[in-house]
Amino acid sequence: MDIINQIKNSAVNRPTQLAFKSQAGEIKYLQLWNKSEKIAKWIKENIGGKNPIVVYGHKSPLMITTFLACSKAGKTYCPVDRCMPSERIQDIIETVENEYVLMTESLMERFVNEELIKEDEIEQVNEYTIRYNNNNYITVEKLIEKISNGQNEDTELINEMSEKDYVKEDDIYYIIFTSGSTGKPKGVQITRSNLENYLKWFTEVGDDIYHKCGSKFLNQAPFSFDLSVMDTYVSLASGGTIISVDKKMQQDTTALISFIKENGINYWVSTPSFAAMCLAEPNFGQDTLKDLRYFYFCGETLSKDTAEKLMERFPNTKVINTYGPTESTVAVTGIEVTKTMLEDKKSIPIGYEKNGTKILILKEDEASEKITEAKANEIGELVILGDTVGAGYYKNIQKTVEAFKEITYNGKTQIAYFTGDAGYRDENEVIFYLGRIDRQVKLHGYRIELGDIESNLIKIDEVNQAAVVPKKSGDSIKQLVAFIVTEKLKEDYASRKYVREKLKTMIPEYMVPKKIVFLEKMPLTNNGKIDYKRMETLV
Ligand code: AMP
């Protein structure tokens, strides 16, 4: 698998085929290749060093074009979606420490509107560059206009970069920031070979995609969530078309379903929550989506209820459950959901490891306190070994050594990723997921560290202590509840609103707890730690 050359093959062999389509626009393979060549050349000439480049925007064709340009110029890109709050975006820009930020839509206007910066602090340097706080913010669309030189990007293949310039096997291909428990997001580093090893996996739980072309993939996840890597790169590597639905359309299921119908999706890639939401539309079924062959899910538990309804409404479509963390490149296990699984007492399994991956299930032996491998049906932590385990967290040695540890398995010493997920392997070698051993939760498909919300809550002057717990219904999380200890705020509607509004400026809206409970003091365990379990019984 050679991702960049696969895209080039499509540009040569099927130049007019769409690579990407969304409400924001579309781009054909030849245009994608040529535009990214031009941007790559500019990057090579203007951006020095190895630090990642933030690429900001939403679901525009310029996003994938700019990612490819970075890869061709030998640079790591870091996708930042518009749906992230401005403070988090500023945090990421500061953390990556690159003088340049590439924008597919205006970020400065947003910062000014939100009064994070003043208009007179920014300087328009040229048609495509704005300077603020020692950083150059480049408007990619204007840059392309400037550097195109009137060359026709629709007819002949442009080759300004050479393979020597491209990101190498062991270089970092992309960095995706995930919620970190300290309130600072962690930048997961994925190498080019991690990505390419992952891409081969798709044929193990689907059909022989790389010998087909022209398939259509649904893109639901924002590019800053690694689930998007599944649809985006499998599609680009197989000469497919990414059909991307923006945030606005995702909130209007009727419009969404007609868009997907119009575009004849073959592969559906989303969180289970998203498909569950679509099930509320009676016309979401095989009659409408005639060409749909596969549902691919990842990122959170696939409930039997959702799987069963999908299998009923889509008799010709397979449902695949996959599992994996960003730290090991999207997904490391997968399985087709069968009727037998739905009838079983157990939950839907996450399946078997992909080739090139070994999952160890490690548990602490109570008597000896030694870490040992769990036997069949024994519960332990899922620990991932293999060719998609990423290169740790960007400039965060402490968090890296906590989660990425050297272990010797079968005589070979290698780096393993400790997921913090609990699970077991049954007697048939099938793996089951049982939830988090730490305090990370999934709400509507979003990965959230409860500690992240807490550390932002206590940044609010009036809040002394904070604890956040999930409110559950059966196995799924319905909402988040924050408990706060405060002397300065009265327990009323206005104070709750005030706390929520403050939080919204610091963390994404989906992380802001729906319910805020005022406490005089935090309940503690015998060890003097906050008693989260007790609080869960109070919500
Ligand atoms: P992320 O890095 O955002 O993809 O989140 C990774 C975490 O999501 C994993 O460590 C699991 O806790 C959870 N997860 C991913 N896939 C599944 C799945 N198929 N079933 C249950 N939980 C999942």
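We count ligands from 1, going down the list as the structure has it; atoms in each ligand are counted the same way. Side chains included, hydrogens not; waters and symmetry mates left out as well; all remaining heavy atoms used.
- Residue contacts with ligand 1, taken as heavy atom pairs separated by less than 4.0 Å, involve Glu300 solely via the backbone atoms N, CA, C and O.
- Residues Ile89 and Arg82 form no side-chain contact, since every pair of their non-hydrogen atoms from C-beta on lies 4.5 Å or further apart.
- Within the 4.0 Å heavy-atom criterion, both parts of Tyr323, backbone and side chain, lie near ligand 1.
- For ligand 1, the polar-atom distance check finds no N/O of Glu327 at less than 3.5 Å from any of the ligand's N/O atoms.
- The nearest non-hydrogen atom to atom 19 (N) of ligand 1, considering only Ile437, Val441, Val330, Thr322, comes from Thr322.
- Atoms of ligand 1 lying under 4.0 Å from at least one heavy atom of Phe225, given by number and element, are 3 (O), 4 (O).
- Aromatic pair Phe295/Phe314: centroids less than 6.0 angstrom apart.
- Within the structure, the closest approach of Leu302 to ligand 1 does not fall below 4.0 Å when heavy atoms are considered.
- Among Leu227, Asp226, Asp421, the residue whose heavy atom lies closest to atom 9 (C) of ligand 1 is Asp421.
- Considering backbone and side-chain atoms alike, Thr326 places an N or O below 3.5 Å from some N or O of ligand 1.
- When non-hydrogen atoms are compared, ligand 1 lies under 4.0 Å from neither the backbone nor the side chain of Phe297.
- Taking atom 5 (O) of ligand 1 as the reference point, the nearest protein heavy-atom neighbour is Arg447 CD, 3.3 Å.
- Checked against the 6.0 Å centroid threshold, Phe177 and Tyr394 do not count as a close aromatic pair.
- Just one residue in the list Asn197, Leu385, Thr333, Val332 forms a side-chain contact (heavy atoms from CB on, under 4.5 Å) with Thr357, and that residue is Val332.
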